Chemist: 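One structure coming up, written as structure tokens, with questions to follow.
From a predicted model like this one, the values you see are computed outputs, not experimental measurements.
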Amino acid sequence: MTTSATPGTGSTGPTENALRRALKRARDGVALDVSEAAVLLQARGEHLADLTASAARVRDAGLEAAGRPGVITYSKSVFVPLTRLCRDKCHYCTFVTVPGKLRRAGHGMFMSPDEVLDIARKGAALGCKEALITLGDKPEDRWPEAREWLDAHGYDDTIAYVRAISIRILEETGLLPHLNPGVLTWTDFQRLKPVAPSMGMMLETTATRLWSETGGPHHGSPDKEPAVRLRVLEDAGRSSVPFTSGLLIGIGETYEERAESLFALRKVSRAYHGIQELIIQNFRAKPDTAMRGMPDAELDELVATVAVARHIMGPAACLQAPPNLVDAEYERLIGAGIDDWGGVSPLTIDHVNPERPWPQIDELAARSRAAGFEMRERLCVYPEFVRRGEPWLDPRLRPHVTALADPATGLAREDATVEGRPWQEPDEVFTATGRTDLHTAIDTEGRTSDRRDDFDEVYGDWGALREAAAPGMAPERIDTDVRAALATAADDPTKLTDDEALALLHADGPALDALCRVADDVRRSVVGDDVTYIVTRNINFTNVCYTGCRFCAFAQRRTDADAYTLSLDQVADRAQQAWDVGAVEVCMQGGIHPDLPGTAYFDIAKAVKARVPGMHVHAFSPMEVVNGATRTGLSIREWLTAAKEAGLDSIPGTAAEILDDEVRWILTKGKLPTATWIEVIETAHDLGIRSSSTMMYGHVDQPRHWLGHLRTLAGIQQRT
């Protein structure tokens, strides 16, 4: 038996038998469940020694498999607090401040580029290789002063400034940015991935009550909702971003809640393989905070949590505990199963815990040796991800990482020269290395009302369709629910409820025949009996793609033998060939090529229009639109406006598959979320760029997903 009491409240804890059983399962390498993990988190004395011994064996097996037995790593870094403004109100935080205090101290709302680069250059001179950029969440949403600073310096938002300053750090100092900007959207990850080899955000806890209940440590902080933070971890994995996360223990969570948080991290790690490091951080009360009276998380709490985390996450995980928060008890953390000390700076303080100085690197190395471990420097991106390369390491960052990484181990090179190197988008579309075959396709062109109020005029009298639902059919041959739904469909399809629509999606036999007759009459009343088509040619300008769709046989890695990327002349030649044989449209799409600049899409459209001015350019899926906007730093509206000026006439609504994230995240790894797909399509419509849409079904989806997809498209059509 165990307890769910808050750690440190004097609870009686688990029984002796429960501890013995859980410890034996840990020793034997048996998978633990949440209850057993909660029991082990309360191990103390001899039981804790038993737990840490088995955790250390798991760690050692992982280091052996990774090719660095007996090695504990760290990153030599500088800490850059880009802004201490934040829209959240965590009750234990001293990092965050308010505009008035910044002004009185003579600081700006954000650190200036000169201030950032001064720190980075000094760090580079000392051999640092990481610039840890930490800041508050979306300060412009709460503080007008932050919004004014960004506007005055030409940045749309905080993320735009983070991106810009990261590029300057890369180019002018050679340090590698590790970004901690808080909660990020999927689109934010696409914007920042090309400028930072790694990113991070602490999960802290999955205990929702600590966020939702008045007096909780995260109450009043929108970015600390556990579901939001878990979504960030998933989006990082989908975007192939090496990501650091972890727990903050001792803020009021129960042992069971702490165990649940570890299992949530394991679930994300196993699903996306993108969590490069897990930090177990112990709460330390600070003056002038709402939680100043809370007791610190004791060292035994931290040691037990590290050991349980090692058992749950397994031998391949990288575990860190900050060395400046443990009063030099380094050997106990090593004995509990950590394999990393995290960022340690010879220059800057820990701005999140300013009262806790970093240990001297030489001292930390000596203490690690005393515990039987060699301390080796790593980069901000872990060696496993350095060796994996693309898509985890953006090609634009490869020169910067390669200059600092040991090619054999992926750790930091001891003889590396830390100096700035150019960062830029590629300048041109690459020459073809393969072929593209001529494809002929048929598109249907439907007509619909531009306004919902015109529905009746367009669709006519639905009363005339009632009798067409199932003429001559015995009522008992059609299920009651389907029969009622058919009657609604024949009378007015816009009145179909979700239940009725789902019933029709399950129709078969005579009911399906009746449904088809109703649908055919709808078609006839709307567009008559003419079937339209367009003579077109598909021009796939590249088949190199890194989005990781599980159903795709088209995509290639750029090193694959069948990979190709067409030149602008080759694209124009194919458009000319199509025009010469009667085509009036080219449909152009490609993979998400890591080297293709965001302006390449404009160049492709211009090349076609320059060669064949009368050709309709139907091109660039919403995924490509977002990719182009991200790479150019433009908003979606700005990018589509520029594309239209370059010759884009309409866009294909591909990358839709099923517009339900529940399905999309199973099918695809890096594709855009439903909300972003909708944003692209609606923005295009608003700019006068028409679109099509696709629906690919029959894989991991269900009829309810089909209905949601169709309802979403109908909503877009009615709005735009």
Side-chain angles (χ1 to χ4, degrees), residues 79-103 107-113 116 132-166 177-193 195-196 199-205 208 210-212 216-236 239 241 243-245 248 351-352 626 629-630 633-637 672-673 675-676 679:
F79 195 129
V80 180
L82 194 63
T83 178
R84 292 176 59 198
L85 299 179
C86 183
R87 71 174 182 175
D88 293 322
K89 304 173 183 178
C90 298
H91 298 177
Y92 48 76
C93 181
T94 56
F95 175 78
V96 170
T97 187
V98 297
K101 288 185 178 180
L102 287 175
R103 280 194 294 265
H107 300 306
M109 299 302 106
F110 291 77
M111 291 181 69
S112 70
V116 172
L132 170 61
I133 300 178
T134 295
L135 55 148
D137 275 87
K138 301 175 182 62
E140 64 270 35
D141 286 0
R142 179 181 176 189
W143 301 110
E145 294 89 342
R147 176 75 272 164
E148 291 165 5
W149 190 97
L150 292 167
D151 290 342
H153 291 80
Y155 299 105
D156 291 337
D157 54 21
T158 296
I159 298 302
Y161 185 43
V162 172
R163 177 183 165 93
I165 205 67
S166 297
H178 175 82
L179 307 181
N180 283 340
V183 166
L184 297 174
T185 66
W186 182 90
T187 305
D188 292 336
F189 278 117
Q190 314 314 306
R191 294 169 69 186
L192 295 178
K193 181 178 177 179
V195 303
M199 303 182 213
M201 182 202 71
M202 294 288 281
L203 172 62
E204 297 193 7
T205 180
T208 302
L210 299 183
W211 168 79
S212 62
H218 294 151
H219 187 67
S221 300
D223 300 295
K224 291 301 177 79
E225 182 180 2
V228 170
R229 298 179 86 76
L230 285 170
R231 190 263 303 154
V232 173
L233 299 185
E234 292 170 348
D235 281 350
S239 302
V241 172
F243 206 71
T244 295
S245 190
L248 177 60
H351 288 276
V352 174
V626 171
T630 299
L634 299 173
S635 68
I636 289 172
R637 177 174 292 273
L672 66 173
T676 308
E679 180 187 0

Chemist: After noting the C-alpha distance and the side-chain angles of Leu135 and Phe110, does the key distance pass the side-chain contact (heavy atoms from CB on, under 4.5 Å) rule?
Modeler: CA-CA 9 Å; Leu135 55 148; Phe110 291 77; 5.5 Å; no
Chemist: Measure the spacing between CZ of Arg87 and NZ of Lys89 and express it to the nearest 0.5 Å.
Modeler: 12.0 Å
Chemist: Identify, with sequence neighbours excluded, every residue that meets ring pair (Phe, Tyr, Trp, His ring centres under 6.0 Å) alongside Phe95.
Modeler: none
Chemist: With rounding to the nearest 0.5 angstrom, report the NZ to CE distance, Lys224 to Met202.
Modeler: 9.5 Å
Chemist: Give the minimum heavy-atom separation between Lys138 and Val183, together with the two atoms involved.
Modeler: NZ-O, 2.9 Å
Chemist: Would you give the length of the straight line joining atom CZ of Arg229 to atom CD of Glu204, rounded to the nearest 0.5 angstrom?
Modeler: 5.5 Å
Chemist: Parallel, tilted or perpendicular, judged at 30° and 60°: which one describes the rings of Tyr92 and His218?
Modeler: perpendicular
Chemist: Treating Asp188 as the side-chain partner and Thr185 as the backbone partner, does any N or O pair qualify as donor plus acceptor under 3.5 Å?
Modeler: yes
Chemist: Compare every heavy atom of Trp211 with every heavy atom of Ser221, then report the nearest pair and how far apart it is.
Modeler: O-NE1, 2.8 Å
Chemist: Val162 and side chain to side chain contact (heavy atoms under 4.5 Å, CB included): which single residue from Leu179, Leu184, Val195 fits?
Modeler: Leu179
Chemist: Would you say Glu140's side chain and Thr158's backbone share a donor-acceptor pair under 3.5 angstrom?
Modeler: yes
Chemist: Show the nearest heavy-atom pair for residues Pro177 and Ala196, with the distance to one decimal.
Modeler: O-CB, 3.5 Å
Chemist: Hey, mind stepping through Leu248 and Thr205 against side-chain contact (heavy atoms from CB on, under 4.5 Å) and telling me if it holds?
Modeler: CA-CA 7 Å; Leu248 177 60; Thr205 180; over 6 Å; no
Chemist: Enter the distance from Met199:CE to Ser166:OG here, rounded to the nearest 0.5 Å.
Modeler: 8.5 Å
Chemist: Quick one: pull up CG in Leu82 and CD1 in Ile133 and give me the separation to the nearest 0.5 Å.
Modeler: 6.5 Å
Chemist: Mind checking what makes side-chain hydrogen bond (donor to acceptor under 3.5 Å, both in side chains) contact with Asp157, not counting sequence neighbours?
Modeler: Arg191
Chemist: Under a 3.5 Å distance rule, please check whether Thr83 uses its side chain to pair with a backbone N or O of Met109 as donor and acceptor.
Modeler: yes
Chemist: How about Ile165 and Met111: do any of their side-chain heavy atoms sit closer than 4.5 Å?
Modeler: no
Chemist: Quick one, Phe243 with Met201, criterion side-chain contact (heavy atoms from CB on, under 4.5 Å). Give me CA distance, side-chain angles, the key distance, then yes/no.
Modeler: CA-CA 8 Å; Phe243 206 71; Met201 182 202 71; 3.7 Å; yes
Chemist: Does Leu102 form a side-chain contact (heavy atoms from CB on, under 4.5 Å) with Leu85? I'd like the steps, not just the answer.
Modeler: CA-CA 9 Å; Leu102 287 175; Leu85 299 179; 3.7 Å; yes
Chemist: Testing the basics here: between Thr94 and Arg84, what is the closest heavy-atom pair and its distance to 0.1 Å?
Modeler: O-NH2, 3.3 Å
Chemist: Indicate the atoms forming the closest heavy-atom contact of Cys86 with Arg142, along with that distance.
Modeler: O-NH1, 3.2 Å
Chemist: Measure the shortest side-chain to side-chain distance between Cys90 and Val96 over non-hydrogen atoms and say whether it is less than 4.5 angstrom.
Modeler: no
Chemist: List the atom of Ser239, the atom of Gln190, and the distance in Å for their closest heavy-atom pair.
Modeler: OG-NE2, 2.8 Å
Chemist: For Asp156, check side-chain hydrogen bond (donor to acceptor under 3.5 Å, both in side chains) against everything at least two apart and list the hits.
Modeler: none
Chemist: Could you give the distance from NE2 (His153) to OH (Tyr161), rounded to the nearest 0.5 Å?
Modeler: 7.0 Å
